[in-house]
Structures are given as structure tokens and as C-alpha cells.
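These notes concern the structure reproduced below.
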Number of protein chains: 2
Amino acid sequence: MSATTGAAPAVKVLPEPPGLPEPLPEPGVDELRLETVLGALSDPLRLTIVRKLLLESEDFDHTCGWFGLDRPKSSLTHHFKALREAGITRQRQYGLERRSHVRVEDLNARFPGLLDLVAAWSPQG
Amino acid sequence: MSATTGAAPAVKVLPEPPGLPEPLPEPGVDELRLETVLGALSDPLRLTIVRKLLLESEDFDHTCGWFGLDRPKSSLTHHFKALREAGITRQRQYGLERRSHVRVEDLNARFPGLLDLVAAWSPQG
DNA sequence: TGCTAAGTTCGACTCAACTCGTACTGCTGC
DNA sequence: GCAGCAGTACGAGTTGAGTCGAACTTAGCA
């Protein structure tokens, strides 16, 4: 379970090294809603993004370009924003780049097993 | 037509008593798609339906009216059809009534843990 | 035979989401 | 300063889902 309990500190905790840029606006752990998360994951492109983050990185943030998705930049912005606003990913601004990673602890705490399904997913079926 | 190709022993075919009406058209176990299932579950009303089926019945089929949903019949038809076509529920025609239940075994086989999240869901958050 | 009830089908409306081009912001290096 | 790049913001077009009323279908029953 996540590090903190009870008392609901409204915003997440995550013991991250100091000096990181602030995360962009996102819902707190207690604000995660199952229907919103499932809706965000019901898109194949977003499923691809989250799965790739889960399988090919764990404790590292990645830029939009890292995914090699063949879509216009404005489309990618749309999907990354949808993931962040649903509470699935966290984004930080590193200079010019905006890097993402999956909020594994938060999601496992609220919806245990969900990320396993995403990791096991394949675009084919 | 769950051809269940291949050597895999497929999933256990539920041992249903003979004489039941044929299920209405539905995807086979091997045709279940994560993004479709998640999309079907991203609606609060459908989440309510599935959760109620999971918690208040187990081996019993229920009619639309049993749920006590305050929506016109045409809306309910729409949602029940969406759940069936996504492979989440199975529907059978009993005379005048069309009864539904959750395909628990199929879903647990393909997406283990998913139904637990639905059962733990609450409309509030 | 004809009524009633459960549920479907159809069509129309609304609204949100996806897609994408274009213009813009803001950091970095020369 | 200024050019170049990562990514955003905005707006338009399109599609699909949710909502619902009204008409229809069908089983059971008196």
C-alpha cells in the first residue's frame, strides 16, 4: 500500500528526490475515479502509451517523442493530457520537455490489479 | 462462436443446466477486448448495473426491471446491449423477459481482478 | 379474441471526444 | 538578440455515445 495512510493529505506524497520540477496539475489519490480511469484507458493509443511506460520504463520519465507515435503533436498533447487528468500519469516540465510516468503506487493503491491488465494487453487482442 | 482454437483447454465452459434458452449474440471469450470492456465500464450507469449483479446476485439472472433504474426503457435497452456486446454480461430470453448475468468466469479468465474493481466501486468515489 | 406488460427498434437531438492544422509560448544555444 | 525546437492552445470538422419519445413485437393470460 502507499506510504501514507489515514488523515488523507489531500495531495500525494511520493518520496521523490528533491529538486524535481513540480508535477503538473493532477487529481489526488483520493480523487481518482474508476469510471474516469477506465474511460481514459478505453482508447487504444492511450493504452499503448501506458503499457509502454509500464514495460519499458519504471522509474524514468519520458517525453512525447520517446514513444515514437505517428501522430501530430497536437493529438499527442490531447492524449497525454487526458491520461494526466484522469490521474494515470504524472507529468513534469524539464526545461523544454514535458516528461511522463505512470502513477504506479497511486493506481495500485486505489485500483489493485488494473495496471497488470494494461501491461498484459496487446494491441492485437 | 467461441471456437477456442488451439491446445489451451479454453476456459471452463460454465456447467449450465440444460433447457436454458440460447444466449443472445455475444463475443466469445477469445474475442474479448480490453479497450472495449473498459469503455463499456466507463459509464456510471453500467458500472451500477454490473456491480449490482455482482454483489446482489451470483448465479441468478435478472430482468431490467429488477435493477430499479429510473430511466426510460429504451435507455436501459441501450446500456444492456452495450454490456452484452462488450462481453460483460450474458442475456437470455425467458418468455417475455430478457434476463442478464455477468460472465464472471470469462472475465476472470481474460482480465483477472477487473471484476473486483467493479465490485469495490461506489458511485460516490 | 383482445388486453397487458417487458422489452426492442427507430429516429432525432445533444454533447463530448477524437483528429488535426495553425498559431503560439518558452527554453536553450549560438 | 535570435533562431530552432518541444510542446501547448485554440478552433473547426467529424464521429460516436448517451438520452429519450413513440411505435412496434411478442408472450401470457383472461
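We use all heavy atoms of the structure for the numbers below, so side chains are in, but hydrogens, waters and symmetry mates are not. By convention in this document, chain letters (A, B, ...) are assigned in the order of the sequence lines, proteins followed by strands, and residues within each chain are numbered from 1.
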How close or far is atom [atom2] of [N] from atom [atom1] of [X], stated in whole angstroms?
| X | N | atom1 | atom2 | result |
| --- | --- | --- | --- | --- |
| A:Y94 | C:dG26 | OH | C1' | 18 Å |
| B:F67 | C:dA6 | CZ | C1' | 14 Å |
| A:I49 | C:dC18 | CD1 | P | 11 Å |
| A:Q93 | C:dT25 | CD | C1' | 11 Å |
| A:L69 | C:dC18 | CG | C1' | 15 Å |
| A:E85 | C:dA17 | CD | C1' | 13 Å |
| B:E97 | C:dT4 | CD | P | 19 Å |
| B:D61 | C:dA6 | CG | C1' | 16 Å |

Any side-chain N or O of A:R98 below 4.0 angstrom from OP1/OP2 of D:dT8?
yes
Examine D:dG7: is either OP1 or OP2 under 4.0 Å from a nitrogen or oxygen in the side chain of A:T77? Give yes or no.
no
I need a per-nucleotide contact map over nucleotides 11-26 of chain D, read 5' to 3'. Cutoff is protein heavy atoms under 4.0 Å; write B for the base, S for backbone only, - otherwise.
-------SBBBB---B
With distance as the sole test, does B:R98 use its side chain to make a donor-acceptor pair with the main-chain N or O of B:C64 at under 3.5 Å?
no
Measuring from [X]:[atom1] to [Y]:[atom2], what's the distance to the nearest 0.5 Å?
| X | Y | atom1 | atom2 | result |
| --- | --- | --- | --- | --- |
| B:L32 | B:D30 | CG | CG | 8.0 Å |
| A:F67 | A:E56 | CZ | CD | 9.0 Å |
| A:D61 | A:R92 | CG | CZ | 6.5 Å |
| A:D43 | A:T48 | CG | OG1 | 8.0 Å |
| B:I49 | B:H62 | CD1 | NE2 | 13.0 Å |
| A:L47 | B:E35 | CG | CD | 6.0 Å |

Work out how much the helix from C:dT1-D:dA30 to C:dC30-D:dG1 bends between its end axes, five pairs an end, to the nearest 10 degrees.
10°
Under 4.5 Å between any side-chain heavy atoms of B:F80 and B:T89, yes or no?
no
By the definition side-chain contact (heavy atoms from CB on, under 4.5 Å), identify the one residue from B:R84, B:R99, B:E26 that meets it with B:R90.
B:E26
When clusters are formed by joining ILVMFWY residues with side-chain heavy atoms under 4.5 Å apart, either directly or through shared neighbours, do B:L24 and B:Y94 land in the same one?
no
Would you say A:V104 and A:L38 are hydrophobically clustered, going by side-chain heavy atoms of ILVMFWY under 4.5 Å?
yes
Report, one pair per line, the protein and nucleotides 11-15 of chain C atoms (nitrogen or oxygen only) whose separation is under 3.5 Å.
none

